[in-house]
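Structure record follows, encoded as structure tokens.
Start at 1 and go down the list; that is how both ligands and their atoms are numbered. Numbers here simply count residues along the sequence, with the first being 1.
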Amino acid sequence: MQFKEIIGHKDIKEHLVRTVQENRVSHAQLFLGPEGSGSLALAYAYAQFLNCENRQLTDSCGECPSCRKYSKLIHPDLHMSYPFIAKHKEDTATDYADSWRKSFLSNPYMGLEYWRNQLDADNKQVNINIAEAHGIIKKLSLKSFEAEYKVLIMWLPEYLDTQGNALLKLIEEPPEKTLFILVAENQDKILNTIISRTQLVKIKKLDHMEVAQHLKSVYHLSDQESAEIAFIADGNLQEAMNQILRKQIIILA
Ligand SMILES: [Zn+2]
């Protein structure tokens with residue numbers, strides 16, 4: 001994913017680009033933004049930019065071998081973690097990697113409910129289990145395959161529960177050239193011990209105009225329909241999509 005594919009967040013994009021250009025990428029960062037704001041997309045775009053072999057001034061090139069793999073979420077040095085339903089205690093997020101890629105690539109603004117639907121979760125509990133925490137420690141202790149940086153992007157560390165304590169040492173003293181990005185929605189539900197070890201990147205909700213503009217161009221809605229939905233969604237693009245589906249005014253391409 002490239003920065004230019006993500007709606008809004010001009011300041012955050014500039015900040016992230018600068019950290020790479022000035023060689024001061026903090027090894028553990030907490031991207032904190034409400035559902036549907038694009039914080040997960042920003043994390044992926046940042047990682048892609050960091051590993052791009054032909055970085056442009058404000059974005060990754062989108063064409064080098066690294067960008068091509070990143071854009072499909074298949075780069076061997078990109079590790080992805082997220083809540084899932086563990087059917088067995090040894091299950092890890094990797095068991096759901098195909099669904100994850102499909103979900104994110106079709107809806108980079110997805111919220112937890114959307115992801116749960118992809119998992120056929122019914123009422124089952126999703127979480128990030130201890131096997132996943134141990135798997136992360138193991139994966140990040142290996143040498144990178146081809147990129148300069150190994151990257152781990154963990155979505156919704158709120159679901160780590162106390163398993164997160166297993167990761168503290170890794171977050172505090174990660175192996176060299178490792179970037180750890182946690183993408184969270186609710187600061188109160190994250191272990192304090194994790195918060196104190198990460199650099200906070202605060203991501204605001206999108207503004208109504210940005211959402212309305214996006215709905216107009218992607219879903220071909222009228223000015224009035226876009227504005228109404230953007231108002232109800234209040235900066236949450238996932239909610240805007242839910243509204244569109246509910247109203248069944250989606251025009252299939
Ligand atoms: Zn590139």
Side-chain angles (χ1 to χ4, degrees), residues 1-33 36-82 93-94 96-110 136 139-155 170-171 174-184 198-199 201-203 206 210 213-214 217-218 237:
M1 171 146 284
Q2 289 180 277
F3 285 123
K4 68 177 181 198
E5 297 172 72
I6 302 168
I7 306 165
H9 300 305
K10 190 167 170 283
D11 294 353
I12 296 281
K13 289 174 187 170
E14 284 172 2
H15 160 76
L16 295 174
V17 164
R18 263 200 317 273
T19 63
V20 177
Q21 287 165 344
E22 294 170 6
N23 209 5
R24 46 179 187 85
V25 174
S26 200
H27 62 254
Q29 305 189 30
L30 173 62
F31 282 30
L32 185 67
S37 61
S39 44
L40 182 60
L42 284 165
Y44 279 119
Y46 184 38
Q48 177 167 325
F49 181 70
L50 180 67
N51 280 304
C52 174
E53 292 157 27
N54 185 23
R55 266 180 230 135
Q56 313 291 297
L57 217 50
T58 56
D59 214 334
S60 53
C61 75
E63 287 168 0
C64 69
S66 174
C67 280
R68 283 178 193 276
K69 289 175 197 168
Y70 255 96
S71 65
K72 294 184 202 149
L73 307 186
I74 54 168
H75 197 294
D77 295 310
L78 168 66
H79 303 287
M80 306 173 291
S81 189
Y82 34 80
T94 311
Y96 295 89
D98 287 341
S99 305
W100 175 257
R101 289 189 188 100
K102 228 167 96 192
S103 297
F104 176 78
L105 295 174
S106 61
N107 178 10
Y109 294 85
M110 69 177 167
I136 288 170
K139 278 190 269 195
L140 293 189
S141 69
L142 300 171
K143 265 197 152 41
S144 69
F145 290 97
E146 48 193 69
E148 191 183 353
Y149 276 88
K150 277 177 288 184
V151 179
L152 177 104
I153 297 177
M154 178 184 282
W155 186 53
L170 184 69
I171 295 174
E176 224 190 314
K177 298 277 183 186
T178 302
L179 172 63
F180 211 116
I181 308 178
L182 303 168
V183 181
T198 51
Q199 192 180 73
V201 177
K202 235 179 169 166
I203 293 155
L206 292 167
E210 287 166 339
Q213 202 59 43
H214 177 77
S217 62
V218 174
L237 210 66

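Judged by distance alone, the side chain of S26 and the main-chain N or O of Q199 form no donor-acceptor pair under 3.5 Å.
Across all their heavy atoms, K150 and K139 have their closest contact at CD-O, 4.5 Å. Between Y109 and E5 the shortest heavy-atom distance is OH-O, 4.4 Å.
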All N/O donor-acceptor pairs, side-chain side in residues 36-49, below 3.5 Å, sequence neighbours left out:
| unit_1 | atom_1 | unit_2 | atom_2 | d |
| --- | --- | --- | --- | --- |
| S37 | OG | P34 | O | 2.7 |
| Y44 | OH | W100 | NE1 | 3.0 |
| Y46 | OH | T19 | OG1 | 2.7 |
| Y46 | OH | Q29 | NE2 | 3.2 |
| Q48 | OE1 | M1 | N | 2.5 |
| Q48 | NE2 | S60 | OG | 3.3 |

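A search for side-chain contact (heavy atoms from CB on, under 4.5 Å) contacts involving K177 returns E148, Y149, not counting sequence neighbours.
Pairs passing the salt bridge (Lys or Arg N to Asp or Glu O under 4.0 Å) check and including a residue from residues 54-72, sequence neighbours excluded, read K69-E146.
Closer than 2.8 Å to the Zn ion (ligand 1) sit the protein N, O or S atoms C52 SG, C61 SG, C64 SG, C67 SG.
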